[in-house]
Amino acid sequence: SQRKERKSPVCETGPEKEMEMSNQEYQRNCDSTSSGARGRAQNDGEHAGVSLPPETPATLQQSAQPDEAGIVLDLGEEDWAACAELAQAPLILIRLGEALRRLGLAGERRAAMLLFLALISRLLEHPVSIAMKGPSSAGKSNLVECVLKFFPKSAYKALSAMSEKVLAYSPDPISHKILVFYEAAGMGGEFANYFIRSLLSEGRLAYEVVVKCDAGYEVKRIEREGPTGLITTTTAIRLHPENETRYLSVSVDDSPKQTGAVMLAIAEDRRAGLDLEPWLALQRWLEGGEHRVVIPYAVTLAEMIPAVAVRLRRDFGTVLNLIRAQALLHRATRRRDSEGRIIAELRDYVVIHMLAARLLAEGVESTVPQTVRETVAAVVRLTPGCGDEASLTQVAKELGLDKSSASRRIRGAIQRGHLRNLEPHRRSPLRLVLGDPLPADIEVLPDPKALEARCCSVALQSADRGGGPEQAKGGDR
């Protein structure tokens with residue numbers, strides 16, 4: 001299809017309906033960020049050297065006129081015709097949640113949305129990688145398979161397992177693709193893990209091997225170009241220590257309530273017909289256009305995040321790439337800067353804050369997962385007296401879980417030091433006692449309203465000094 005530029009009207013701010021995100025919270029934040037963050041001194045745009053017109057009713061009305069709209073679309077005619085309505089939806093992830101429900105998926109909306117954004121990020125310079133974690137039979141692989149249905153097969157390479165050097169020798173392209181391993185154990189041994197680390201960190205593979213030739217032996221250099229992301233599932237609490245920090249760890253819900261919801265969904269057979277063509281067309285359309293995204297408030301966000309762990313040096317990049325993926329997903333309704341780059345809005349941060357704020361805090365251990373808090377609380381109730389001990393069976397019964405799920409939670413609490421096992425022999429029953437006290441939670445990602453207020457303050461200070469956009473701090477660095 002021939003591609004050309006076309007203008008598109010700006011859609012109104014706000015979600016269509018609630019899908020396990022707080023509709024009131026989202027609307028409240030979006031109302032704030034859409035009117036305040038851009039209406040007062042064009043704050044976040046000027047802070048980054050990007051001119052953002054205020055989003056007033058007049059602007060919304062004018063935006064329907066092609067010559068005055070600030071949005072440029074790179075269109076493939078057939079794909080755009082198939083996905084235009086979806087591409088211009090105010091919050092596409094809400095549509096995703098409803099579509100997943102029609103496919104029969106019970107719950108897990110937050111995890112599904114993060115997987116979806118990770119697959120969108122394949123189009124960026126640094127894709128987001130995710131490790132789905134949970135006990136056996138929790139539905140991790142089914143969740144991944146459901147989300148993959150919304151993407152063309154060209155977007156990912158799914159494998160059950162691979163040999164040590166297949167990434168080096170496979171003829172299949174891996175640039176701007178997501179590698180999907182349904183079990184982390186299938187990623188091979190130490191050598192394969194090294195290849196994966198190189199792909200995720202450096203965006204490419206360079207491997208030299210000695211091969212036999214007519215003259216004897218020679219060195220052959222194999223290069224595989226990325227960038228490449230990875231999605232995998234595992235029952236492990238932690239993966240390879242050098243790989244763990246390269247993933248965003250997302251745990252599935254192992255609660256009795258979720259188990260009941262899954263069984264009910266199976267019994268009712270909620271699956272309904274779903275036309276996936278608009279979703280597939282949306283992906284093809286996104287592949288063919290602008291992928292660069294500027295985040296005007298990136299510097300301000302960095303200044304507001306407490307430097308509580310070295311891991312944040314890598315995790316902050318993941319946060320920015322999730323914001324970029326969310327803005328890229330809404331390319332049809334996002335403005336462009338003078339270089340043609342997509343401008344991420346504060347409402348994009350609102351979505352990522354809702355989805356990933358607690359995961360980021362748990363990753364750097366500035367907060368304790370709710371599952372760990374519940375497990376420690378169960379041991380507290382089971383050991384009221386000095387010298388009392390709790391067993392696995394008792395904890396599982398107290399939590400209303402099977403032994404496998406309870407054991408996994410206990411391992412997580414022990415690894416974090418909040419429980420101790422007094423039994424020295426691995427095959428003997430657990431003898432659990434309390435360990436280190438649970439710490440108070442520390443907020444890592446700032447509240448969206450706090451970020452908005454800080455952006456306004458910085459922009460107004462810049463205006464008071466007489467600095468225009470060209471003098472303001474750089475944004476997306």
Side-chain angles (χ1 to χ4, degrees), residues 20 105-112 114 130-144 182-185 232-239 244 247 249-268 358-359 361-363 365 367-441:
E20 286 199 2
L105 183 69
E108 302 294 4
R109 298 293 189 266
R110 188 181 303 270
L114 285 168
I130 287 183
M132 294 295 304
K133 298 179 177 180
S136 179
S137 302
K140 303 180 294 297
S141 296
N142 178 64
L143 174 58
V144 173
Y182 289 109
E183 286 293 340
T232 189
T233 71
T234 181
T235 59
I237 302 295
R238 298 178 187 271
L239 295 173
E244 179 73 25
Y247 308 140
S249 292
V250 181
S251 296
V252 297
D253 186 354
D254 65 354
S255 68
K257 180 180 178 181
Q258 173 63 11
T259 300
V262 170
M263 292 191 295
L264 186 61
I266 295 172
E268 295 179 348
R358 187 163 187 88
L359 294 178
E362 291 174 2
E365 299 188 359
T367 190
V368 177
Q370 186 62 29
T371 54
V372 172
R373 289 190 179 276
E374 292 172 356
T375 305
V376 173
V379 175
V380 170
R381 293 191 295 271
L382 292 167
T383 57
C386 181
D388 288 348
E389 301 170 357
S391 68
L392 169 60
T393 301
Q394 290 174 319
V395 174
K397 183 177 180 180
E398 185 72 16
L399 292 173
L401 298 172
D402 60 271
K403 286 187 178 181
S404 175
S405 297
S407 175
R408 191 174 182 281
R409 290 192 179 197
I410 289 169
R411 291 200 309 272
I414 291 175
Q415 287 186 8
R416 289 174 176 265
H418 303 305
L419 290 180
R420 290 188 297 132
N421 178 23
L422 300 182
E423 176 55 55
H425 304 293
R426 291 187 58 183
R427 296 183 181 275
S428 298
L430 299 180
R431 297 164 51 204
L432 299 172
V433 296
L434 297 177
D436 298 334
L438 292 171
D441 290 345

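Side chains are part of it too, since the values below use all heavy atoms of this structure and drop only hydrogens, waters and symmetry mates. Treat the numbers as computed from the prediction; the structure is a model and nothing was measured.
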**OP:** Using atom types as modelled and distance alone, determine if a side-chain donor or acceptor of His418 lies under 3.5 Å from a backbone N or O of Asp436.
**Re:** yes
Original post:
Does Glu398 use its side chain to pair, donor to acceptor, with the backbone of Ala377 at less than 3.5 Å?
Top reply: no
**OP:** Please name the pair of heavy atoms, one in Tyr182 and one in Val144, separated by the smallest distance, quoted to 0.1 Å.
**Re:** CE2-CG1, 4.1 Å
Subject >> Lys/Arg N to Asp/Glu carboxylate O, Arg409 vs Asp254, below 4.0 Å >> reply: yes
Original post:
Are Leu419 and Val433 close enough that some pair of their side-chain heavy atoms sits under 4.5 Å apart?
Top reply: no
**OP:** Measure across Leu392 and Lys403 and return the closest heavy-atom pair with its distance rounded to 0.1 Å.
**Re:** CD1-O, 3.9 Å
**OP:** Taking atom types as modelled, find out whether Thr383 and Asp388 have a side-chain donor-acceptor pair closer than 3.5 angstrom.
**Re:** no
Original post:
Closest heavy-atom contact between Ala112 and Leu143?
Top reply: CB-CD1, 3.8 Å
**OP:** Grab the two heavy atoms, one from Thr234 and one from Arg408, that are nearest each other, plus how far apart they are.
**Re:** O-NH2, 4.5 Å
Original post:
Could you state the interatomic distance from CD1 (Ile130) to OG1 (Thr233), rounded to the nearest 0.5 Å?
Top reply: 12.5 Å
Original post:
Are Leu359 and Leu114 close enough, and set up right, to give a side-chain contact (heavy atoms from CB on, under 4.5 Å), and what steps lead you there?
Top reply: CA-CA 11 Å; Leu359 294 178; Leu114 285 168; 3.4 Å; yes
**OP:** Identify which one of Pro135, Ser255, Pro256 satisfies the side chain to side chain contact (heavy atoms under 4.5 Å, CB included) criterion when paired with Leu401.
**Re:** Pro256
**OP:** Return the set of residues passing side-chain hydrogen bond (donor to acceptor under 3.5 Å, both in side chains) with Ser405 (not counting sequence neighbours), or none when no residue passes.
**Re:** Asp402
Original post:
Taking all non-hydrogen atoms of both residues, which atom of Val252 and which atom of Gly134 are closest, and how far apart?
Top reply: CG2-CA, 3.9 Å
Subject >> For Lys140 against Thr235, the heavy-atom pair lying closest together >> reply: NZ-CG2, 4.0 Å
Subject >> 4.5 Å side-chain heavy-atom contact, Lys397 and Ser391 >> reply: no
**OP:** Could you walk me through whether Asp441 and Arg358 pass the side-chain contact (heavy atoms from CB on, under 4.5 Å) test, one step at a time?
**Re:** CA-CA 10 Å; Asp441 290 345; Arg358 187 163 187 88; 3.8 Å; yes
Subject >> Spatial distance of atom CD1 (Ile237) from atom CZ (Arg411) [nearest 0.5 Å] >> reply: 5.0 Å
**OP:** Apply side-chain contact (heavy atoms from CB on, under 4.5 Å) to Leu432 and Gln394, showing your working.
**Re:** CA-CA 10 Å; Leu432 299 172; Gln394 290 174 319; over 6 Å; no
**OP:** Would you indicate whether the side-chain heavy atoms of Glu362 and Ser251 approach each other to under 4.5 Å?
**Re:** no
Original post:
Please walk me through it: do Glu108 and Asn142 pass side-chain contact (heavy atoms from CB on, under 4.5 Å)?
Top reply: CA-CA 11 Å; Glu108 302 294 4; Asn142 178 64; over 6 Å; no
Original post:
Residues in side-chain hydrogen bond (donor to acceptor under 3.5 Å, both in side chains) with Lys133, at least two apart?
Top reply: Glu244, Ser249
Original post:
Quick one: side-chain hydrogen bond (donor to acceptor under 3.5 Å, both in side chains) pairs with a partner in residues 419-428, sequence neighbours left out?
Top reply: none
